[in-house]
S.K.: 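Sending over a structure as C-alpha cells; questions will come in a sec.
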Amino acid sequence: MKHITCIEDLRLLHKRRVPKAFFDYADRGSYAEETLRANREDLQKIKFRQRILVDVSKRDLSTTILGEPSSMPLILAPVGLLGMQHGDGEIHACRAAQAAGIPFTQSTMSICSIEDIAGSVEKPFWFQLYVMKDRGFIKALVERAIAAKCTALCLTVDLQVIGQRHQDIKNGMSVPPEWTLSKLFDFAIRPGWVQGVLQGKRRTFGNIAGHVKNTEDLTKLSAWTAAQFDTSLNWKDVDWIRSIWPGKLIIKGIHDIEDAKLAVETGAQALVVSNHGGRQLDGAPSSIHVLPGIADAVGDKIEIMFDGGIRSGQDVMRALALGAKSCMLGRAYAYGLGAGGQAGVAKAIDIIRNELLTTMGLCGVNTVAEIDRKVLAD
C-alpha cells in the first residue's frame, strides 16, 4: 500500500487481484451507464474557491452522524457481495471503519451474516434492509439486527424493480459463481483471492441461507432471492418497518424533492440522496445534481447524507458544501477491499481523510461545520 496515492490506484489493483465477474459487479452500472458516468463527471465540474493567508493550523474533521460522534463525515455504504471481493470482506471492512471511527453499513445481500460480523467486531454497526415479498423473513431479519445491537437501520427503497446490468449478464455473474472454463482460468491466475475466499466463513448470502425454507440448495436460494424484490413496495411499508424497528431509521434512495418531503413525514432520522450508484435508473441525473434542491427543501427537517460517485476528499467537500451532512463511500472502499483486504479499506479511508483535510486548508476552513457554498467558486 506504500505507493498507493489515490482511489484510482486501488481500483486498478483491485482489477488485477479479483476475478473479472466480481470486479465488474462492483465497478459497473446499469444499461448504457449514463448515470454512472454523470455521478463522477458532475462532481468534477464543481470548482473550489481558493483562499490564502487564513490560519488553518487547527483543522478538525470530527462531526456527529445521527447524533453520534464520528471522526469525519464519512460512512461506509452498504455494498453487496463484499465477501466475494475478499474472504470475509464484510468483517474486514467493518473493522477498518471502526478503527477509523466511522460507521459501517452491512448490506442485506452480504456474504457474511449479521451474526458473523457481530461476533467478529468490537462495536455495533448499521444494517441495510431491502424489503422483500416475504414479510415474515424481513421481520425476522430486522429482529436479528436488533439482537446484534445494530445502531441504525438503512432502508433502501430504490430497488423494487431491478435495473439491468449488462456486464453482470455477460460475465454470468451469480452467487455461487457459474463454473465455466474461462472462470476457472480467471480464478486460477488469482490464487491469493481463491485462498482468501475459501478460508472465509461463507460463499453465499449469509443473511438468507438457512433462514428461508427450501433454500439449502444454492440454485433454489438464488431463484428465491431474485423473485423476492417487491414491486408493490410503498410508503405504508416504511410505517410497518418503523413499527418493528425501535432505533434510528435512514431512508436511502431519495432522488426527488417530493420524495424527500414524504421521507420527512415518516419520522425517519435521515435520508440518503442516492441513485444507487448508477446501478438502477439509467438516464437519471447525478446525485450531486439533485442534492442542492433536496437540501434546500428539507435540510432543516432531516439529516441529509449523500451517496454517488465519491472518489476523493474533494468530492466529500463538494457534497458537504451543497448541503449534505455526511457522505457514503461505496465503490471506493470496495476497491480497497479487493486490492488489499482490511488494509486496503483503511487506505481508502485514509486517502479520503487526507484529501479532505488538504482541501479544507486550501479553501481556508478549519471545521466541517464551516463548509458551505462559500467554499465553491462562482
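Just so it is clear, the structure is predicted and the values come from calculations on it, not from any experiment. Counting begins at 1 with the first residue of the sequence. Note: hydrogens, waters and symmetry copies are ignored here, and every other heavy atom, side chains too, is used.
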S.K.: What's the spacing between H255 NE2 and I294 CD1 if we round to 0.5 Å?
M.R.: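 Taking NE2 in H255 and CD1 in I294, the distance rounds to 7.0 Å.
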
S.K.: Determine which pairs satisfy salt bridge (Lys or Arg N to Asp or Glu O under 4.0 Å) with at least one residue from residues 258-275, sequence neighbours left out, and list them in order.
M.R.: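 Applying salt bridge (Lys or Arg N to Asp or Glu O under 4.0 Å) to every pair that reaches into residues 258-275, excluding sequence neighbours, yields E258-K261.
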
S.K.: Just verifying a value: how many Å separate L81 CG and F205 CZ, rounded to the nearest 0.5 Å?
M.R.: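 Output value for this atom pair is 5.0 Å.
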
S.K.: I'd like to know if the side chain of Q50 reaches the main chain of C363, judged simply by a donor and an acceptor atom lying under 3.5 Å from each other, with no hydrogens or angles considered.
M.R.: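 Pair absent, no side-chain N/O of Q50 close to backbone of C363.
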
S.K.: Please determine whether a side-chain nitrogen of the Lys or Arg among K45 and D42 lies less than 4.0 Å from a carboxylate oxygen of the Asp or Glu.
M.R.: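 A salt bridge is present here (some side-chain N lies under 4.0 Å from a carboxylate O).
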
S.K.: Does D230 offer a backbone N or O that forms a donor-acceptor pair with the side chain of Q160 under 3.5 Å?
M.R.: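 No; judged by distance alone, with no hydrogens or angles, the pair does not exist.
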
S.K.: Would a distance-only check, ignoring hydrogens and angles, find a side-chain to backbone donor-acceptor pair under 3.5 Å from N171 to Q167?
M.R.: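 Confirmed, N171 side chain pairs with Q167 backbone.
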
S.K.: Closer than 3.5 angstrom, by distance alone: can the side chain of K248 be matched with the main-chain N or O of L66 as a donor-acceptor pair?
M.R.: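 The answer is yes, because a donor-acceptor pair under 3.5 Å joins these two groups.
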
S.K.: Could you state the interatomic distance from CG (L376) to CD1 (I371), rounded to the nearest 0.5 Å?
M.R.: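 Rounded to the nearest 0.5 Å, the CG-CD1 separation comes to 10.0 Å.
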
S.K.: Kindly say whether V375 contributes a backbone atom to a donor-acceptor pair with the side chain of E370 at under 3.5 angstrom?
M.R.: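 No, because the side chain of E370 does not come within donor-acceptor range (under 3.5 Å) of the backbone of V375.
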
S.K.: With K301, which residues qualify under salt bridge (charged side-chain N to carboxylate O under 4.0 Å, His left out), at least two apart?
M.R.: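 Once residues adjacent in sequence are excluded, K301 has no partner under the salt bridge (charged side-chain N to carboxylate O under 4.0 Å, His left out) criterion.
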
S.K.: What ring pair (Phe, Tyr, Trp, His ring centres under 6.0 Å) pairs are there with at least one residue in residues 31-50, not counting sequence neighbours?
M.R.: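 Listed by first then second residue: Y31-H166.
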
S.K.: Taking the side chain from R17 and the backbone from G338, do they hold a donor-acceptor pair closer than 3.5 Å?
M.R.: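 It does not hold such a pair.
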
S.K.: Under a 3.5 Å distance rule, please check whether R202 uses its side chain to pair with a backbone N or O of D116 as donor and acceptor.
M.R.: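 No, the answer is negative, given that no donor and acceptor are paired below the 3.5 Å cut-off.
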
S.K.: Verify, without hydrogens or angle tests, whether T358 (side chain) and E355 (backbone) share a donor-acceptor contact under 3.5 angstrom.
M.R.: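 No.
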
S.K.: Determine all donor-acceptor pairs shorter than 3.5 Å in which one atom belongs to a side chain in residues 311-329; sequence neighbours excluded.
M.R.:
unit_1: S312; atom_1: OG; unit_2: Q314; atom_2: N; d: 3.3
unit_1: S312; atom_1: OG; unit_2: Q314; atom_2: OE1; d: 3.3
unit_1: S312; atom_1: OG; unit_2: D315; atom_2: N; d: 3.1
unit_1: S312; atom_1: OG; unit_2: D315; atom_2: OD2; d: 3.3
unit_1: D315; atom_1: OD1; unit_2: R318; atom_2: NH1; d: 2.8
unit_1: D315; atom_1: OD2; unit_2: R40; atom_2: NH1; d: 2.9
unit_1: D315; atom_1: OD2; unit_2: R311; atom_2: N; d: 2.9
unit_1: D315; atom_1: OD2; unit_2: S312; atom_2: N; d: 3.4
unit_1: R318; atom_1: NE; unit_2: L43; atom_2: O; d: 3.1
unit_1: R318; atom_1: NE; unit_2: I46; atom_2: O; d: 2.9
unit_1: R318; atom_1: NH2; unit_2: I46; atom_2: O; d: 3.2
unit_1: K325; atom_1: NZ; unit_2: T64; atom_2: O; d: 2.4
unit_1: K325; atom_1: NZ; unit_2: T64; atom_2: OG1; d: 3.2

S.K.: Using the test salt bridge (charged side-chain N to carboxylate O under 4.0 Å, His left out), find all partners of D256 that sit at least two apart in sequence or belong to another chain.
M.R.: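 In terms of salt bridge (charged side-chain N to carboxylate O under 4.0 Å, His left out), with neighbours along the sequence ignored, D256 is linked to no residue.
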
S.K.: Which residue pairs pass the side-chain hydrogen bond (donor to acceptor under 3.5 Å, both in side chains) test when at least one of the two sits in residues 74-100, sequence neighbours left out?
M.R.: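 Residue pairs with at least one partner in residues 74-100: H14-Q85.
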
S.K.: Quick check for you: to the nearest 0.5 Å, what is the distance between L141 atom CG and N207 atom CG?
M.R.: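 Answer for the CG-CG pair, L141 versus N207, is 5.5 Å.
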
S.K.: Has R165 got a side-chain atom pairing as donor or acceptor with R279's backbone, closer than 3.5 angstrom?
M.R.: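 Judged by distance alone, yes, a pair lies under 3.5 Å.
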
S.K.: Measure the CG-CD1 distance between D296 and I304 for me, rounded to the nearest 0.5 Å.
M.R.: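 D296 atom CG to I304 atom CD1 measures 8.5 Å (nearest 0.5 Å).
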
S.K.: Would you call the rings of F187 and W193 parallel, tilted or perpendicular if under 30° counts as parallel and over 60° as perpendicular?
M.R.: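 The rings of F187 and W193 sit tilted, inter-plane angle from 30° to 60°.
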
